[in-house]
Student: 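Take a look at this one; I'll ask things after.
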2 protein chains.
Amino acid sequence: MNKKGTIKKTASKKCRQIIDTARNLFWFHGLRRVSVEEICQTAGVSKMTFYKYFKNKIDLILFILNEMFREGVTRYKGIMAQNVPFAEKAKEVIRMKLEGTKDFSQEMLKDLMQGNIPEVAELMQSMKEKNYKLILDDMFEAQKKGEIRRDINLQFIPYFLNKMADMAGDEQMISMYESPQSLTAELINFFFYGILTEKGEDK
Amino acid sequence: MNKKGTIKKTASKKCRQIIDTARNLFWFHGLRRVSVEEICQTAGVSKMTFYKYFKNKIDLILFILNEMFREGVTRYKGIMAQNVPFAEKAKEVIRMKLEGTKDFSQEMLKDLMQGNIPEVAELMQSMKEKNYKLILDDMFEAQKKGEIRRDINLQFIPYFLNKMADMAGDEQMISMYESPQSLTAELINFFFYGILTEKGEDK
DNA sequence: TAATATAATACAATAAACGTATAGTTATAG
DNA sequence: CTATAACTATACGTTTATTGTATTATATTA
């Protein structure tokens with residue numbers, strides 16, 4: 001342990017195993033249905049090792065979520081740093097957001113959203129806000145450069161991105177399309193061109 | 001309750017709700033991860049009502065499995081009673097078997113097979129045997145009529161059908177094909193024609 | 001109305017999961 | 001080699017979840 005009472009969690013092999021195993025189990029079964037013991041057994045790790053690295057299950061969950069969030073931000077920045085037209089970058093970002101949600105099982109989403117675990121709900125909230133600001137800044141730049149309509153309220157964009165992610169995960173919505181990919185495409189096109197044909201480029 | 005200490009379980013609406021809800025939950029999360037309380041809550045039914053109709057969770061599971069088995073037999077007999085060429089009926093039966101397995105979640109299969117719950121393991125065993133005999137009889141008839149090679153050991157057929165069902169659920173196998181359907185088709189063709197081109201009809 | 005089905009709640013009994021203590025076993029760096 | 005850290009195994013007390021029942025009350029229905 002260091003001065004702050006935490007441990008460098010990525011240092012050990014076993015710790016990585018715990019994290020990866022848990023990520024998998026949570027992914028498929030959500031948070032509630034997976035116990036610490038199950039994680040340990042599946043990871044082939046003693047319970048003591050678990051509690052060496054994590055205070056408890058929630059601590060582990062928060063760590064995993066933070067990690068995923070960091071990955072997301074990295075990917076986002078990677079895309080935005082590319083030297084390609086704004087519209088292309090934006091498309092990639094949207095695709096990332098939409099398909100990122102699809103990754104989780106329905107169960108995971110439930111456990112994540114329904115404020116059943118306050119710590120998790122808080123973290124999710126703060127992640128959303130940070131994400132929101134990150135995107136807002138980039139949109140501000142893009143608008144200055146004339147890449148986005150002047151008359152649109154910028155705050156609408158990160159807000160709508162989140163809504164889109166919800167839609168991409170909504171069973172009812174998915175069932176209206178022949179594949180999740182075609183729904184993704186629909187949402188992207190809608191985001192850029194609205195519903196009017198004149199503005200559209202493809203088709 | 002009747003003389004034997006059981007109840008006609010299909011009589012009541014609520015009971016149906018319990019059964020259907022449980023079937024859904026088990027389907028997605030397997031047996032272990034689903035509790036009686038969760039079933040009741042999801043079904044909108046009081047716990048007392050549950051215990052009126054079922055001794056416990058296992059009792060419910062067994063009932064559901066029996067029901068599914070009965071459905072399977074009915075479907076099987078329905079197919080075999082059709083007045084079409086043997087090969088066609090056989091294809092349909094195989095398709096039914098293969099796609100029936102795919103219905104379950106991986107979790108459900110695990111709980112079903114791994115003899116974690118002895119009663120369930122027993123039931124599964126006895127179902128397999130009954131199924132086995134059922135098919136064997138039909139194959140015997142078919143062989144008498146000259147619809148199946150004389151020199152094949154009939155016992156091999158129901159045995160191999162079960163193996164095929166396993167294969168159709170095997171992740172490794174599935175990943176080798178572009179879709180589960182194409183794997184199904186492959187297995188069916190293999191079953192009828194082996195690997196030699198001369199015997200094959202299509203392609 | 002009498003009988004039946006169901007709900008709501010509280011409750012004791014049981015089981016599962018949690019988190020810690022202890023002791024012993026690899027690994028590994030000095 | 002040895003001291004230290006990483007880890008395992010297991011047992012254990014505690015807490016929480018689940019089970020199954022008892023009781024009382026309320027709709028439904030024959």
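Here is the naming used below: chain letters follow the sequence lines, and residue numbers restart at 1 for every chain. For clarity, every value in this text was computed on a predicted model and none was experimentally measured.
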Student: Rounded at 0.5 Å granularity, tell me how far OH in B:Tyr53 sits from CZ in B:Phe63.
Tutor: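 Those atoms lie 11.5 Å apart.
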Student: Just how far, in rounded Å, is C1' of C:dC11 from CD of B:Glu37?
Tutor: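 In whole Å, C:dC11 C1' and B:Glu37 CD are 13 Å from each other.
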Student: Give me the atom names and distance for the closest heavy-atom approach of B:Thr21 to B:Ala43.
Tutor: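 Heavy atoms only, the tightest pair is OG1-CB, 3.3 Å.
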Student: What's the NZ-C1' distance between A:Lys52 and C:dG19, to the nearest Å?
Tutor: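 One finds 16 Å between C1' of C:dG19 and NZ of A:Lys52, rounded.
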Student: Round to the nearest Å and state the distance from A:Gln41 atom CD to D:dA9 atom P.
Tutor: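 Checked: the CD to P distance equals 11 Å.
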Student: Does A:Tyr51 make a side-chain N or O approach to OP1 or OP2 of C:dA21 shorter than 4.0 Å?
Tutor: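 So the side chain of A:Tyr51 is outside the cut-off, no N or O lying under 4.0 Å from OP1 or OP2 of C:dA21.
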Student: Starting from C1' on C:dT6, measure out to CD1 on B:Ile18 and report it in whole angstrom.
Tutor: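 Atom CD1 in B:Ile18 sits about 10 Å away from atom C1' in C:dT6.
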Student: Just to confirm, is there a sub-4.0 Å distance from OP1 or OP2 of D:dT8 to any side-chain nitrogen or oxygen of A:Thr49?
Tutor: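 Yes, because at least one side-chain N or O of A:Thr49 sits under 4.0 Å from OP1 or OP2 of D:dT8.
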Student: Using OP1 and OP2 only, check whether a side-chain N or O of A:Ser35 sits under 4.0 Å from C:dA16.
Tutor: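 Looking at the OP1 and OP2 atoms of C:dA16, neither is under 4.0 Å from any side-chain N or O of A:Ser35.
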Student: Looking at B:Tyr53, does any N or O in its side chain come under 4.0 Å of the phosphate oxygens OP1/OP2 on C:dA5?
Tutor: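 So the side chain of B:Tyr53 is outside the cut-off, no N or O lying under 4.0 Å from OP1 or OP2 of C:dA5.
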Student: Contact between A:Ile117 and A:Asp111 at the side-chain level, heavy atoms closer than 4.5 Å - yes or no?
Tutor: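 The answer is no, as the side chains (C-beta and beyond) never meet within the 4.5 Å cut-off.
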Student: Check the phosphate of D:dT8 against A:Lys14, side-chain N and O only, distance under 4.0 Å to OP1 or OP2. Yes or no?
Tutor: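 Yes, such a contact exists.
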Student: For a quick test of reading the model: is some side-chain N or O of B:Lys47 closer than 4.0 Å to OP1 or OP2 of D:dG20?
Tutor: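 Checking D:dG20 against B:Lys47, no side-chain N or O comes under 4.0 Å of OP1 or OP2.
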Student: Measure from CZ on A:Phe54 to P on C:dT20 and round the result to the nearest Å.
Tutor: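 My rounded result for the distance is 15 Å.
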Student: Measure CG/B:Leu25 against P/D:dT18 and give the value in whole Å, please.
Tutor: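 Taking atom P of D:dT18 as the reference, CG of B:Leu25 is at 13 Å.
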Student: Could you give the CZ-to-P distance, from A:Phe50 to D:dT8, as a whole number of Å?
Tutor: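 So the two atoms are 13 Å apart, to the nearest Å.
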Student: Taking all non-hydrogen atoms of both residues, which atom of B:Ile152 and which atom of B:Gln143 are closest, and how far apart?
Tutor: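 Of all heavy-atom pairs spanning B:Ile152 and B:Gln143, the closest is O-NE2, 3.2 Å.
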Student: On DNA chain D, does the nearest nucleotide to A:Gly44 precede the nearest nucleotide to A:Arg32 from the 5' side, or the other way round? Give the residue.
Tutor: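 Closer to the 5' end of DNA chain D: A:Gly44.
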Student: Drop me the distance from B:Glu147's CD to B:Met139's CE, to the nearest 0.5 angstrom.
Tutor: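 B:Glu147 CD to B:Met139 CE: 9.5 Å, rounded to 0.5 Å.
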Student: Given atom NZ of B:Lys13 and atom C1' of D:dA27, what is their separation to the nearest angstrom?
Tutor: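 Roughly 12 Å, once rounded to whole Å.
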